[in-house]
Amino acid sequence: MNDVQRFESLKKTIETDPTNFQARREIAMMCLDMGFDSMALKQLLYLSNTFPNDANLYFNIGICWEKLKQFKFALEAYKKAVELKEDEPDFIYNLALAYENLGQDDEALMQFKRVVCLEADDSNSFFCIGCILAKKGDIENAIKCFKKAIEYNFGDYFAHFHLGNMYHKIGEIDKAVEEYKKVVQLSGDYSWAYFNLGQIFYEKGDIENAVIMLNLTIEKNSKDKEAYKLLIQLYIKMGDFETAASVLDEMKENLAESGDFFFLYSKIYEQKGDLKGYRKCLEMALKNEFSLSFDKFAVMKELRDCSEINEEPENPEIMPEEQPQGGQDGAN
């Protein structure tokens, strides 16, 4: 009997005998496994009225509420589960996650610490503690926690990534690079690691490797606006205006026209000495200021300065479209 047949059989059993609690429990877990969270919740809530002291029921009710993004209800369910079975690490861990999702970091931190007291090698809890400490600005202890997470689970590329971020913040660049390289070895599609490597290489003046890493970022995530911006600026700095324009067109295709698109195009015209194109793109950047991440007032000053110069354009042929399409930029 396959899952669908089993599901239909259980459904008929419950319709015939609503008090068949074992069938209800089984169908609830099948619904949860298949992603039918509301259906699973309905069965679990029914069972909890009959078995009010069943900690596992409340734990699974919490999972349902969490999947439905109802974190307040999830929190209450996990609290009940922990109250009934206070030394179960999985229950406490999910309770901590619920607190964290509700922005109650201090409560979450306390619960994650309870987990590692019960299970000293719980890498997930060490990772979560590290994230909360990093948010609080306690970089030193965050680093210790991310190292612990890696010690117990070397394959946790999120822990390597966050450890790299901590090293980057405190200026230990070589260690940051080492961690980001581990990330791409463990998860070759994790675009943020490539982007951070690109940033570091750029900061170190290693333009060649910065370009490689930023191209890889876009290859893995064609919606990464910051990668496009930095890569385009690098090509302009290198004097490779044709490639810069090509990447700008790719950015437009994947993220739509934006203030940033026109501003970056203005930099090509500026470097080529085409004042008309430069001026027009600055105007379009300001017309699309809702999607302009560069300093608007600095752009306005540039426009004023170049408007005072009267000179005919030299390269009008690569002028981008003049009418904004009004689309919002894609998220990173």
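The first residue in the sequence is number 1, and the count goes up from there.
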(request) For the pair I218 and K220, evaluate side chain to side chain contact (heavy atoms under 4.5 Å, CB included) and give the outcome as yes or no after the intermediate values. (result) CA-CA 5 Å; I218 293 167; K220 305 301 179 182; over 6 Å; no
(message) Walk me through whether K181 and E178 qualify under salt bridge (Lys or Arg N to Asp or Glu O under 4.0 Å).
(response) CA-CA 5 Å; K181 285 182 176 179; E178 184 181 346; over 6 Å; no
(message) Show, in sequence, the C-alpha distance, side-chain angles and deciding distance for I236 and Q271, and conclude whether the side chain to side chain contact (heavy atoms under 4.5 Å, CB included) test is met.
(response) CA-CA 8 Å; I236 293 172; Q271 293 299 313; 3.8 Å; yes
(request) Would you sort out whether F146 and H160 count as a ring-ring contact (aromatic ring centres under 6.0 Å, His included), showing the intermediate values? (result) CA-CA 7 Å; F146 291 134; H160 286 287; over 10 Å; no
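Side-chain polar atoms of N196 and Y180 form a donor-acceptor pair below 3.5 angstrom. Between the side chains of R25 and Q22, no donor N or O sits under 3.5 Å from an acceptor N or O. Under the 3.5 Å distance criterion, with hydrogens and angles disregarded, a donor-acceptor pair is assigned to the side chains of S293 and D260.
Taking Q70 as the reference, nothing meets the side chain to side chain donor-acceptor pair (under 3.5 Å) condition, with sequence neighbours excluded. For D17, the salt bridge (Lys or Arg N to Asp or Glu O under 4.0 Å) test picks out no residue, with sequence neighbours left out. Scored by the ring-ring contact (aromatic ring centres under 6.0 Å, His included) test, Y194 finds no partners at all (sequence neighbours excluded). In this view, D305 and K301 satisfy the salt bridge (Lys or Arg N to Asp or Glu O under 4.0 Å) rule, not counting sequence neighbours. Taking Y228 as the reference, nothing meets the ring-ring contact (aromatic ring centres under 6.0 Å, His included) condition, with sequence neighbours excluded. For F195, there are no ring-ring contact (aromatic ring centres under 6.0 Å, His included) partners at least two apart in sequence or on another chain. With sequence neighbours excluded, the residues that form a ring-ring contact (aromatic ring centres under 6.0 Å, His included) with Y157 are Y190. Scored by the salt bridge (Lys or Arg N to Asp or Glu O under 4.0 Å) test, K175 finds E172 as partners (sequence neighbours excluded). Remark: E88 pairs with no residue by the salt bridge (Lys or Arg N to Asp or Glu O under 4.0 Å) rule, at least two apart or across chains.
Of the charged side-chain nitrogens involved, none lies within less than 4.0 Å of a carboxylate oxygen, so that D274 and R279 do not count as a salt-bridged pair. By the 4.0 Å N-to-carboxylate-O rule, E179 lies close enough to K182 to be salt-bridged with it. Look at R114 and E119 and you find no salt bridge, because none of the NZ, NE, NH1 or NH2 atoms lies under 4.0 Å from a carboxylate O. With respect to E226 and K229, a salt bridge is recorded, a charged nitrogen being found less than 4.0 Å from a carboxylate O. A salt bridge does not link K147 to E151: none of the charged nitrogens lies less than 4.0 Å from a carboxylate oxygen.
Side-chain contact between I170 and I143 is present, with heavy atoms from C-beta onward closer than 4.5 Å. Within the 4.5 Å cutoff, side-chain heavy atoms of P52 are placed close to those of Y58. No side-chain heavy atom of V116 sits less than 4.5 Å from a side-chain heavy atom of F112.
For E242, the CD atom counts as loosely surrounded, since its 6.0 Å shell holds 12 or fewer non-hydrogen atoms of other residues, nucleotides or ligands. Within 6.0 Å of the CD atom in E208, the count of heavy atoms belonging to other residues, nucleotides or ligands does not exceed 12. Heavy-atom contacts from other residues, nucleotides or ligands closer than 6.0 Å to CZ of F161 number more than 12.
Taken together through direct or relayed side-chain contacts under 4.5 Å among Ile, Leu, Val, Met, Phe, Trp and Tyr, Y152 and I150 form parts of separate hydrophobic clusters. In the hydrophobic clustering of ILVMFWY residues, with side-chain heavy atoms under 4.5 Å counting as a link, F294 and I232 come out together.
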Enumerate, atom names and distances included, each donor-acceptor pair closer than 3.5 Å involving a side-chain atom of residues 96-108, sequence neighbours excluded.
{"residue": "N101", "atom": "ND2", "partner": "L97", "partner atom": "O", "Å": "3.1"}
{"residue": "D105", "atom": "OD2", "partner": "K135", "partner atom": "NZ", "Å": "3.2"}
{"residue": "D106", "atom": "OD1", "partner": "K136", "partner atom": "NZ", "Å": "2.6"}

Pairs of donor and acceptor atoms involving the side chains of residues 31-49, under 3.5 Å and at least two apart or interchain, shall be tabulated with distances.
{"residue": "Q43", "atom": "OE1", "partner": "R24", "partner atom": "NH1", "Å": "2.7"}
{"residue": "S48", "atom": "OG", "partner": "L45", "partner atom": "O", "Å": "2.7"}
{"residue": "N49", "atom": "ND2", "partner": "L45", "partner atom": "O", "Å": "3.3"}

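Of all heavy-atom pairs spanning D87 and L118, the tightest one is O-CD1, 3.8 Å.
Separation of the F51 and F21 ring centroids falls under the 6.0 Å cut-off.
To the nearest 0.5 Å, atoms SG (C281) and OH (Y265) are separated by 8.0 Å.
Sorted by first and then second residue, the side chain to side chain donor-acceptor pair (under 3.5 Å) pairs with a member in residues 73-86 read E66-Y78, Y78-N94; sequence neighbours excluded.
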